[in-house]
Peer 1: 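Please find one structure pasted underneath; my questions will follow.
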Amino acid sequence: MHHPLSLYNTLSRRKEAFEPVHSPFVGVYLCGPTVYSEAHLGNARGPVVFDVLTRYLRHLGYTVRYVRNITDVGHLESDADEGEDKMEKAARAQRQEPMQIAQHYVNLYRQNMLALGCLPPDIEPQASGHITEQISMVEEIIANGFAYEVNGSVYFDVPRYNAEQDRYGKLSNRSIDDQLAGTRDTLAGQDEKRSPLDFALWKKASPEHIMRWPSPWGDGFPGWHLECSAMSRKYLGQLSDIHGGGLDLMFPHHECEIAQSQGSHTHTDESRFWVHHNLITVNGTKMSKSLGNFVLLGSMFKGPTATLTQAYSPMVVRFFLLQAHYRSPVDVSDEAMQAARKGYRKLMNGLRLLEKLSLPEGTERQPDTEKADTELRKLVADCFTGLNDDLNTARAIASLFNLLRKLNGFFANLPTLATVSEAALDEATTAYRTLVSEILGLQDEPRANAEQLLNLTLDFYQEAKATKAYDKVDQIRAALKQQGIVIKDLKTGVDWAYSED
């Protein structure tokens, strides 16, 4: 199989033609959430981007295995292997078991991702369920001489790896000398580490530490970076096709993943493509829980929030995230969200329009439609050109609007449909549906409140009775009955009930 899709590979710092390791099979891994709190808007960008990527790969005919992990152990407050485990900290604050905290936020995360139109991953492994695999990987790394044990903890030996295996920092384009220069004073208080660049593969559990497992080095828990290397290898093999996450994960998390994978028996970069999406900002500042400028997804759907003055539906949020290229930053504001809502509704109106595009009865199609067909097919091709160019959804959406403008022109003057062939029109309408619904994953969200509409209908019913317009009374009764609703005339007014027939 060969397709014109290209992706920007962070490892090579250029766009490359996408070729799977074992075509037609494609292995995709996305670093998922640490489930110690509710997801915010920034946590949604990766899942939405990778959902579209997965959908498009499947559209191209690939057989995709999409893995998105859950981090429920080992993610400490500091990337320098210091501080309390985020899961334990949340558990202590709420006086619950860590796994209670994890399960609660996993459930909430899945609900939010489903609302955003993200298809469930094929495999969603949790770090706490793969301790055996992580211990095995640590043993391999020690056996290969790239890790050492100190007082029950195990650390990856970055200087030795850098000297013997490969350049540590190649993903983030950081030299080890620059890294060392920036960490000369950070080894104090970390006497166990031989170098300030070394990172934990396994940490010894203190007596008060709740989450702990037996290991060859004593009771402890895995380092944060280890889980993804172990689980990616288990479910996608030694070399996956695509591994991704936010730019903030490039260093140290993904850099450490590559080192771990090469330091074990694989000697690979873990993934053929490393794909990183940019961040969500608020007034130009990265959205994060530590800065307190985040917008929780659940709050965003209900509104208002401290940042936004009104609610925005999940599909509007999805469109907002897709209207920019994934490698570009996106700043959230009411103005930006309202523009996204307008764009989303345009695309939904386009879906409704497709059902009404038909040549008027008695109108003959023109004998020569080649020029019009070519123009229409070019508009369709432009949409896919954007997707093939590093999954540029912004360009694809702009091309969709161009296509929609053409289709709107046909609808405004239906006889002009005679200028295009039935085949070209069918290709255009099919492509529009496929791009909007199946690839971009945008679904129509009913905006009408069913009960309000029903009450309005009952008002019309009462008005028709009062004016003795019994034909309208009968029409309203019959129309509601078709919907399984019966009208009940009461002394106090009018009510409705579900039909029991």
Side-chain angles (χ1 to χ4, degrees), residues 7 9-13 21 27-34 46 50 65-76 78-81 121 123-127 130-131 133-142 144 146-147 154-162 164-174 176 179 197-203 221-277:
L7 291 173
N9 191 349
T10 306
L11 198 58
S12 64
R13 288 169 189 78
V21 178
V28 178
Y29 190 102
L30 174 65
C31 286
T34 303
F50 271 70
R65 177 179 289 180
Y66 175 32
V67 180
R68 186 182 70 207
N69 74 291
I70 297 292
T71 298
D72 57 0
V73 65
H75 195 169
L76 304 186
S78 166
D79 289 337
D81 302 323
I123 302 174
E124 195 173 36
Q126 296 187 207
H130 294 76
I131 300 298
E133 290 84 354
Q134 294 178 75
I135 289 175
S136 295
M137 183 170 261
V138 175
E139 290 177 320
E140 292 169 5
I141 296 172
I142 292 174
N144 288 337
F146 296 113
V154 180
Y155 296 97
F156 190 91
D157 193 332
V158 171
R160 181 167 181 181
Y161 161 78
N162 190 69
E164 297 186 21
Q165 186 73 18
D166 206 344
R167 185 168 72 84
Y168 181 77
K170 66 177 183 177
L171 182 67
S172 55
N173 199 25
R174 305 183 185 201
I176 194 168
Q179 293 178 58
L197 299 184
D198 295 350
F199 57 89
L201 298 173
W202 186 265
K203 289 284 286 183
F221 56 94
W224 172 41
H225 313 303
L226 186 63
E227 61 179 271
C228 289
S229 294
M231 294 189 292
S232 176
R233 187 168 78 178
K234 178 178 177 67
Y235 296 112
L236 299 178
Q238 294 184 5
L239 183 64
S240 65
D241 292 293
I242 301 170
H243 193 120
L247 277 176
D248 53 343
L249 294 181
M250 186 194 307
F251 187 89
H253 186 53
H254 289 162
E255 199 77 71
C256 293
E257 283 192 53
I258 290 177
Q260 290 164 166
S261 294
Q262 291 194 336
S264 65
H265 71 274
T266 63
H267 305 294
T268 71
D269 293 322
E270 187 175 336
S271 183
R272 168 80 174 80
F273 282 83
W274 287 85
V275 176
H276 293 93
H277 63 82

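The shown structure was predicted, so the numbers you read here are calculated from the model rather than taken from an experiment.
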Peer 1: Restricting to salt bridge (Lys or Arg N to Asp or Glu O under 4.0 Å), what partner residues turn up for Asp241, sequence neighbours left out?
Peer 2: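 So Asp241 forms no salt bridge (Lys or Arg N to Asp or Glu O under 4.0 Å) with any residue.
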
Peer 1: Working to the nearest 0.5 Å, report the span between CG of Leu171 and CE of Met250.
Peer 2: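 Rounded to the nearest 0.5 Å, the CG-CE separation comes to 6.0 Å.
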
Peer 1: Run the side chain to side chain contact (heavy atoms under 4.5 Å, CB included) check on Ile258 and Leu11 step by step: do they pass?
Peer 2: CA-CA 10 Å; Ile258 290 177; Leu11 198 58; 4.1 Å; yes

Peer 1: Measuring from Ser232:OG to Leu30:CG, what's the distance to the nearest 0.5 Å?
Peer 2: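 Rounded to the nearest 0.5 Å, the OG-CG separation comes out at 11.5 Å.
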
Peer 1: What pairs with Pro125 under side chain to side chain contact (heavy atoms under 4.5 Å, CB included), at least two apart in sequence or on another chain?
Peer 2: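 Only Val67, Asn69, Ile123, His130, Met231, Tyr235 meet the side chain to side chain contact (heavy atoms under 4.5 Å, CB included) criterion with Pro125.
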
Peer 1: Any idea which heavy atoms bring Gly223 and Gln134 closest together, and the distance?
Peer 2: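 Minimum heavy-atom contact is O-OE1, 4.3 Å.
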
Peer 1: Start with the C-alpha distance between Ile142 and Val154, add both sets of side-chain angles, then the distance that settles side chain to side chain contact (heavy atoms under 4.5 Å, CB included), and finish with yes or no.
Peer 2: CA-CA 9 Å; Ile142 292 174; Val154 180; 3.8 Å; yes

Peer 1: So, are Glu140 and Arg233 salt-bridged, with charged N and O less than 4.0 Å apart?
Peer 2: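 Looking at Glu140 and Arg233, the cut-off is met.
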
Peer 1: For Glu133, what residues pass the salt bridge (Lys or Arg N to Asp or Glu O under 4.0 Å) criterion, not counting sequence neighbours?
Peer 2: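 Lys234.
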
Peer 1: State which residues pass side chain to side chain contact (heavy atoms under 4.5 Å, CB included) with Asn173; sequence neighbours excluded, sorted by chain then number.
Peer 2: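 By the side chain to side chain contact (heavy atoms under 4.5 Å, CB included) rule, Asn173 matches Arg13, Arg167.
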
Peer 1: Which heavy atom of Ser264 sits nearest a heavy atom of Ile141, and at what distance?
Peer 2: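 Heavy atoms of Ser264 and Ile141 come nearest at N-CG1, 3.8 Å.
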
Peer 1: Could you check whether any side-chain N or O of Ser271 sits under 3.5 Å from a backbone N or O of His243, counting only pairs where one atom can act as donor and the other as acceptor?
Peer 2: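 Yes: the side chain of Ser271 pairs with the backbone of His243.
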
Peer 1: Please name the pair of heavy atoms, one in Ser172 and one in Phe251, separated by the smallest distance, quoted to 0.1 Å.
Peer 2: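 Closest heavy-atom pair between Ser172 and Phe251: OG-CD1, 3.5 Å.
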
Peer 1: Does a side chain donor of either Glu270 or Ser229 reach within less than 3.5 Å of an acceptor in the other side chain?
Peer 2: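 Checked: Glu270/Ser229 side chains pair up, N/O donor to acceptor below 3.5 Å.
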
Peer 1: Rounded to the nearest 0.5 Å, how far does SG of Cys256 lie from CG of Leu197?
Peer 2: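 Between atom CG of Leu197 and atom SG of Cys256 there are 9.5 Å.
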
Peer 1: Measure the NE2-NE2 distance between His253 and His225 for me, rounded to the nearest 0.5 Å.
Peer 2: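 Going from the NE2 atom of His253 to the NE2 atom of His225 covers 7.5 Å.
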
Peer 1: Output all residues satisfying side chain to side chain donor-acceptor pair (under 3.5 Å) with Arg174, sequence neighbours left out; order by chain, then residue number.
Peer 2: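 Arg174: no side chain to side chain donor-acceptor pair (under 3.5 Å) contacts found.
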
Peer 1: What is the minimum heavy-atom distance between Glu227 and Ile70, and which atoms define it?
Peer 2: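 Taking every non-hydrogen atom into account, OE1-O, 3.9 Å.
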
Peer 1: Would you compute the distance between atom NZ of Lys170 and atom CH2 of Trp274 and round it to the nearest 0.5 angstrom?
Peer 2: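 One gets 10.0 Å once the value is rounded to the nearest 0.5 Å.
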
Peer 1: How long is the span from the CD atom in Gln260 to the CZ atom in Phe146, to the nearest 0.5 Å?
Peer 2: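 The distance works out to 13.0 Å.
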
Peer 1: Judged by modelled atom types alone, do Tyr168 and Glu255 share a side-chain donor-acceptor pair under 3.5 Å?
Peer 2: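 Side chains of Tyr168 and Glu255: no pair found under 3.5 Å.
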
Peer 1: Under the rule for side chain to side chain donor-acceptor pair (under 3.5 Å), what residues qualify as partners of Glu139, not counting sequence neighbours?
Peer 2: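 Side chain to side chain donor-acceptor pair (under 3.5 Å) list for Glu139, sorted by chain: empty.
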
Peer 1: Search all heavy atoms of Gly263 against all heavy atoms of Asn144 and return the closest pair with its distance.
Peer 2: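 Minimum heavy-atom separation between Gly263 and Asn144: O-ND2, 3.1 Å.
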
Peer 1: Answer yes if the ring centres of Tyr155 and Phe199 are under 6.0 angstrom apart, and no otherwise.
Peer 2: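 No, ring centres 6.0 Å or more apart.
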
Peer 1: Hey, do the aromatic rings of His276 and His254 have their centres closer than 6.0 Å?
Peer 2: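 Close enough - the centres of the two rings lie under 6.0 Å apart.
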
Peer 1: For Ser240 and Gly27, which heavy atoms make the closest approach, and how far apart are they?
Peer 2: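 For Ser240 and Gly27, the tightest heavy-atom pair comes out as CB-O, 4.0 Å.
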
